[in-house]
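Note that this is a predicted model, so its numbers are computed, not measured.
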Amino acid sequence: MPPASIDTPRTAGDRLGGHRHDVLIVGGGLVGASLAIALHDSGLDVAQVEAAAGALPPVFDQRNLSFADATVNALTALGVLGKLHAPAPPIRRIHVSRQGDFGRVVLEARDYGRDAFGQVVVARDFGQALEARLAELPRLMRYRPARFLGIEDGDAHGRRVRIVDDTGEHALSARLLVGADGSGSAVRDALGIDARRHDYGQVLFVARLRAARAPDGSAWERFGAHGPTALLPRGDGHFGLVHGVDAADADAVAALDDDGFLERLQQAFGWRAGRFIAVGPRSRYPAIALRATALTAARAVLVGNAAQTLHPIGAQGFNLGLRDALTLAEAIDAHRDDPGSAGVLAEYARRRAEDHARTFAFSDGLARITSDPSSALGPLRSLGLFAIDRAPWLQAMLVGGAMGYRGDVPRLCRAPA
């Protein structure tokens with residue numbers, strides 16, 4: 001039985017007349033969909049407002065997602081990873097260096113008793129796997145295509161919101177409103193929650209890259225003055241590429257033909273992964289960080305990029321957002337009688353505080369210090385890389401965070417006993 005949706009409504013009169021839900025998730029991307037799946041056994045009335053219908057949202061493109069070990073555990077338990085069509089190759093080695101500095105850090109999963117630090121999944125394939133899993137949830141109401149318009153006056157027991165679809169505007173209410181609608185969150189704005197934003201002045205080009213040597217399980221991160229150049233092993237024998245450039249140069253880089261772009265990449269990255277021989281279509285995204293000044297409001301909560309958006313350096317964005325969703329699901333599960341209560345919101349905010357602060361500080365600090373052109377920082381960065389490569393305790397700290405084991409870890413993120 002398919003989930004209820006705009007085209008197969010559970011109760012059309014209820015939907016159009018202001019149906020009351022226990023949890024209303026605004027956003028159909030990676031984190032919102034994962035939260036809906038995590039809540040499917042709760043017995044609660046869960047609904048989702050999604051802008052797309054019949055096609056995947058734009059976020060599910062050819063970008064490559066680096067799933068930390070904790071994320072792999074959770075998505076396996078949620079029944080999502082088993083629905084991937086393409087192989088998700090393991091990351092067995094992480095190699096970090098910076099152009100112009102000496103020293104490098106090489107982390108080997110086997111040194112920590114692990115087969116891998118995580119896996120690499122193409123966003124589009126992951127979106128299809130999420131959609132297949134959502135289709136197995138008959139109790140989930142999906143309003144799609146529909147758009148969140150705003151919040152109306154509610155009461156102490158719920159939030160009342162308005163959405164619009166191709167038939168007009170409609171009212172809904174929920175005991176808990178979840179903003180999972182990305183960096184430009186309309187829910188966050190409607191709640192009156194401010195967000196601190198930082199533009200790194202970089203544009204990131206994303207593409208599929210072919211090298212003379214096939215991927216061997218290594219993930220490469222090469223820092224430069226205008227952002228990182230990262231290579232992730234894909235299951236199709238190519239690399240997933242992220243290449244950062246100064247925002248002022250982005251149009252000129254976009255105008256390069258494939259040969260010119262490959263030459264630029266080779267100069268920025270070097271020859272560690274061999275000669276680059278082909279590149280696919282390129283997409284571009286600005287490098288911007290954002291942090292909401294609060295995670296919760298009365299009977300409302302922010303998760304994923306609506307709460308915090310990271311520089312993609314270190315590939316922690318979705319991993320952090322998934323831990324948001326799973327922690328919220330656990331807090332709701334402990335208070336099913338009232339999923340939007342002050343106790344649920346306080347528990348969520350308390351449990352997420354350390355992970356948010358440490359992950360954001362790591363991502364932001366790494367992005368700033370590795371792109372700082374100051375000549376005085378070069379020797380310090382080099383000494384830092386040199387020290388980390390030779391200090392097991394420092395490596396262990398990095399590995400724990402990279403694998404998703406930071407702060408209060410949700411149950412599903414832990415390896416099964």
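- Rounded to the nearest 0.5 angstrom, S66 OG and N319 CG are separated by 6.5 Å.
- Every residue two or more places apart in sequence or in another chain was checked for a salt bridge (charged side-chain N to carboxylate O under 4.0 Å, His left out) with R414, and none qualifies.
- Side-chain N or O atoms of D246 include none that pairs as donor or acceptor with a backbone N or O of H226 at under 3.5 Å.
- Between the CG atom in L209 and the CG atom in L232 there is a gap of 11.0 Å [rounded to 0.5 Å].
- Residues V303 and A180 share a closest heavy-atom pair of CG2-CB, 3.6 Å.
- Atoms NE2 and CG, from H243 and L231 in turn, are 11.0 Å apart once rounded to the nearest 0.5 Å.
- A distance of 4.5 Å separates CG in L172 from OH in Y143, rounded to the nearest 0.5 Å.
- Within a 6.0 Å radius of CZ in R210, no more than 12 heavy atoms belonging to other residues, nucleotides or ligands are found.
- In this structure, T71 OG1 and F318 CZ are separated by 6.0 Å, a value rounded to the nearest 0.5 Å.
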From CA spacing to verdict: salt bridge (charged side-chain N to carboxylate O under 4.0 Å, His left out), R336, D333: CA-CA 5 Å; R336 296 187 193 184; D333 190 59; 2.4 Å; yes

*In sequence, state the C-alpha distance, the side-chain angles, and the governing distance for V80 and F126, and then conclude on side-chain contact (heavy atoms from CB on, under 4.5 Å).*
CA-CA 8 Å; V80 177; F126 181 52; 3.6 Å; yes

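- Between F67 and L81, the closest side-chain pair of non-hydrogen atoms falls below 4.5 Å.
- Of all heavy-atom pairs spanning P233 and A219, the tightest one is CD-CA, 4.3 Å.
- Here the options are L44, V344, V178, the test is side-chain contact (heavy atoms from CB on, under 4.5 Å), and the partner is P339; only L44 passes.
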Checking side-chain contact (heavy atoms from CB on, under 4.5 Å) for the pair L326/L78: CA distance, chi angles, key distance, verdict?
CA-CA 10 Å; L326 298 179; L78 291 175; 4.1 Å; yes

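- Within the structure, no pair that satisfies the salt bridge (Lys or Arg N to Asp or Glu O under 4.0 Å) test touches residues 176-201, not counting sequence neighbours.
- The shortest side-chain heavy-atom distance between R284 and V253 does not fall under the 4.5 Å cut-off.
- D41 pairs by the salt bridge (charged side-chain N to carboxylate O under 4.0 Å, His left out) definition with nothing, not counting sequence neighbours.
- Heavy-atom minimum distance, L302 versus Y348: O-OH, 3.0 Å.
- R411 pairs by the side chain to side chain donor-acceptor pair (under 3.5 Å) definition with nothing, not counting sequence neighbours.
- Looking only at distances, a side-chain donor or acceptor of Q266 sits under 3.5 Å from a matching main-chain atom of F276.
- Remark: R93 does not engage D111 in a salt bridge, criterion side-chain N to carboxylate O under 4.0 Å.
- Taking both residues in full, the closest heavy atoms of I193 and A297 are given as CD1-CB, 4.5 Å, listed atom of the first, atom of the second, then distance.
- A heavy-atom distance below 4.5 Å is not found between the side chains of Q48 and L137.
- Note that the CD1 atom of I332 and the NE2 atom of H335 stand 10.0 Å from one another [nearest 0.5 Å].
- Between D324 and H356, the side chains place a donor N or O and an acceptor N or O closer than 3.5 Å (distance only, hydrogens not considered).
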Start with the C-alpha gap between R299 and D338, add the side-chain angles, then the distance that decides, and say whether side-chain contact (heavy atoms from CB on, under 4.5 Å) holds.
CA-CA 10 Å; R299 295 199 170 272; D338 189 356; 2.8 Å; yes

For residues 24-40, dump all side-chain donor-acceptor pairs below 3.5 Å to protein atoms at least two apart in sequence or in another chain.
unit_1	atom_1	unit_2	atom_2	d
S34	OG	L30	O	2.7
H40	ND1	I37	O	2.6
H40	NE2	R133	NH2	3.4

Report all side-chain donor-acceptor pairs from residues 113-122 shorter than 3.5 Å, counting only partners two or more places apart or in another chain.
unit_1	atom_1	unit_2	atom_2	d
R114	NH1	D69	OD2	3.1
D115	OD1	R92	NE	3.4
D115	OD2	R92	NH2	3.4

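- Annotation: side chain of P410 is in contact with side chain of E330 (closest heavy-atom distance under 4.5 Å).
- Residue V409 comes nearest to G404 through the heavy atom pair CG2-O, 4.2 Å, listed as atom of the first residue, atom of the second, then distance.
- Counting only heavy atoms from C-beta outward, the side chains of H170 and H19 never approach each other to under 4.5 Å.
- Of all the heavy atoms in R222 and A268, the pair that sits closest is CG-O, 3.5 Å.
- Ion pairing between R175 and D337 fails under the 4.0 Å rule for side-chain N and carboxylate O.
- Between F205 and L265, every side-chain heavy-atom pair lies at or beyond the 4.5 Å cut-off.
- Tested against H311 for a ring pair (Phe, Tyr, Trp, His ring centres under 6.0 Å), the candidates Y200, F360, F223, Y285 yield a single pass: Y200.
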Original post:
Should E136 and K83 be marked as a side-chain contact (heavy atoms from CB on, under 4.5 Å) after you check the CA-CA gap, both sets of side-chain angles, and the distance that decides it?
Top reply: CA-CA 12 Å; E136 298 175 346; K83 297 188 180 298; 2.7 Å; yes

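- By the 4.5 Å heavy-atom criterion applied to side chains, H157 and S173 are not counted as neighbours.
- Considering only heavy atoms from C-beta on, L320 comes within 4.5 Å of L310 through its side chain.
- Side chain of D45 to backbone of H21: no donor-acceptor contact under 3.5 angstrom is found.
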